[in-house]
Structure formats: C-alpha cells, structure tokens
Amino acid sequence: MIKFLVPTDGSENAERAVRHVIKLAQCREPVQVELINVRPPIDAWEVRRFLNDQEIAAIQEREGQDDLRSACALLDQAGVPYHAQVVTGPVPQTITRFADEHDCDYIVMGTHGRGDLANLFLGSTTAKVLHLTKVPVTLVK
C-alpha cells in the first residue's frame, strides 16, 4: 500500500493536489491518504487576552475542518480511503514531522496556498517542506 500525505489549506492549488492523488489511486496499488490541515499556533497577546486555550483550539479545529471539507468531498466521491485531521504547529515543520511519524511514502501538495502572492515561483511553505523533508514530494500546479 502506498501512503500519501496531502496537506491542504482549502485553496484551489490544494484541491488540484487532491485530484492528482485521486488519479494516482486509480492507476496503482491500493493507497491510503493522510489529509491534514496545519494551523499555525496562535500566540498573539491580543487574542490570548480574550480567549483561553480551549476556545482557541475550538476555533482552530473549526477553521481547519472548513479548509478540509472540499478535499474530503473529492476523496469521498472518488472512493479513496483517507484519514483527515487538523493539527497545530509551525506549518512546514509540522508537515514534515507528520510525514515521518505516519510513515508516508510521498507528500503531494500544491505549489502555493492562500496568501502566497509574495512568492511568485514557489510558496514559502512549499519551499521549506522541500528543504526539510526526506520524503519524496510531488508539487502540483
């Protein structure tokens, strides 16, 4: 079985990465998809002044689930087995650590997420994942 890690932020590029994995699942041996949404930690005193840790975690989970929804729908429609979860941490480091801890064979991700307009050639998260990981990475544009 091949295990793919697909980090998603709900962007159009992330959805294209999910579609790419669905195509791969139809052509190869059985696959398992680990679908994650990584939420950066919220440490701003302006937020922490009004919300406690449990409230922040609930907001992070709700926003992460919203970002996962379209990718889950695509995988459900295609009948591709997956696990989806929201995780919190520094985004590139969390993606690479997740891939290692879950024995993923490949990381498949979009070249840019939301808000990466400053990086015209390659998103900063994508570039950092490429630098940090030992797992093969497929970038989908």
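Heavy atoms only: backbone and side chains are in, while hydrogens, waters and symmetry mates are out.
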Is there a donor-acceptor pair under 3.5 Å between the side chain of [X] and the backbone N or O of [Y]?
| X | Y | value |
| --- | --- | --- |
| Arg48 | Ile42 | yes |
| Asp105 | Lys3 | yes |
| Gln77 | Leu74 | no |

Neighbour count >12 (heavy atoms, 6.0 Å) for atom CD, Gln65: yes
Sorted by chain and number, sequence neighbours left out, side-chain contact (heavy atoms from CB on, under 4.5 Å) with Ala78 holds for Ile22, Val80
Indicate whether the side chain of Asp9 and that of Ser11 have a donor and an acceptor atom separated by less than 3.5 Å. yes
May I have the list of side-chain donor-acceptor pairs in residues 81-88 shorter than 3.5 Å, sequence neighbours left out?
| unit_1 | atom_1 | unit_2 | atom_2 | d |
| --- | --- | --- | --- | --- |
| Tyr82 | OH | Asp76 | OD1 | 2.9 |
| Tyr82 | OH | Asp76 | OD2 | 3.2 |
| His83 | ND1 | Gln32 | NE2 | 3.2 |
| His83 | ND1 | Glu34 | OE2 | 3.3 |

Test of understanding: clusters of I, L, V, M, F, W, Y form through side-chain heavy atoms closer than 4.5 Å, transitively. Do Val140 and Leu75 belong to the same one? yes
Heavy-atom side-chain contact between [X] and [Y] under 4.5 Å:
| X | Y | value |
| --- | --- | --- |
| Thr133 | Ile107 | yes |
| Met109 | Val6 | no |
| Thr8 | Asp67 | no |
| Pro7 | Asn37 | no |
| Leu24 | Ile2 | no |

Side chains of residues 90-100: which donor-acceptor partners sit under 3.5 Å, not counting sequence neighbours?
| unit_1 | atom_1 | unit_2 | atom_2 | d |
| --- | --- | --- | --- | --- |
| Thr94 | OG1 | Pro90 | O | 2.7 |
| Thr96 | OG1 | Pro92 | O | 3.3 |
| Thr96 | OG1 | Gln93 | O | 3.0 |

Roughly how far apart are [X] [atom1] and [Y] [atom2], rounded to 0.5 Å?
| X | Y | atom1 | atom2 | answer |
| --- | --- | --- | --- | --- |
| Glu61 | Asp66 | CD | CG | 10.0 Å |
| Arg16 | Leu139 | CZ | CG | 12.5 Å |
| Thr138 | Phe4 | OG1 | CZ | 7.5 Å |
| Glu63 | Arg39 | CD | CZ | 5.0 Å |
| His131 | Thr126 | NE2 | OG1 | 14.5 Å |

Report the C-alpha separation of Leu5 and Val108 in whole Å, then their side-chain angles, then the decisive distance to 0.1 Å, and conclude whether the side-chain contact (heavy atoms from CB on, under 4.5 Å) test is met. CA-CA 6 Å; Leu5 171 60; Val108 180; over 6 Å; no
For Val38 and Gly89, work out which heavy atoms get closest and say how close. CG1-O, 3.5 Å
Heavy atoms only: give me the nearest Glu15-Ser70 pair and the separation to one decimal. OE2-OG, 2.6 Å
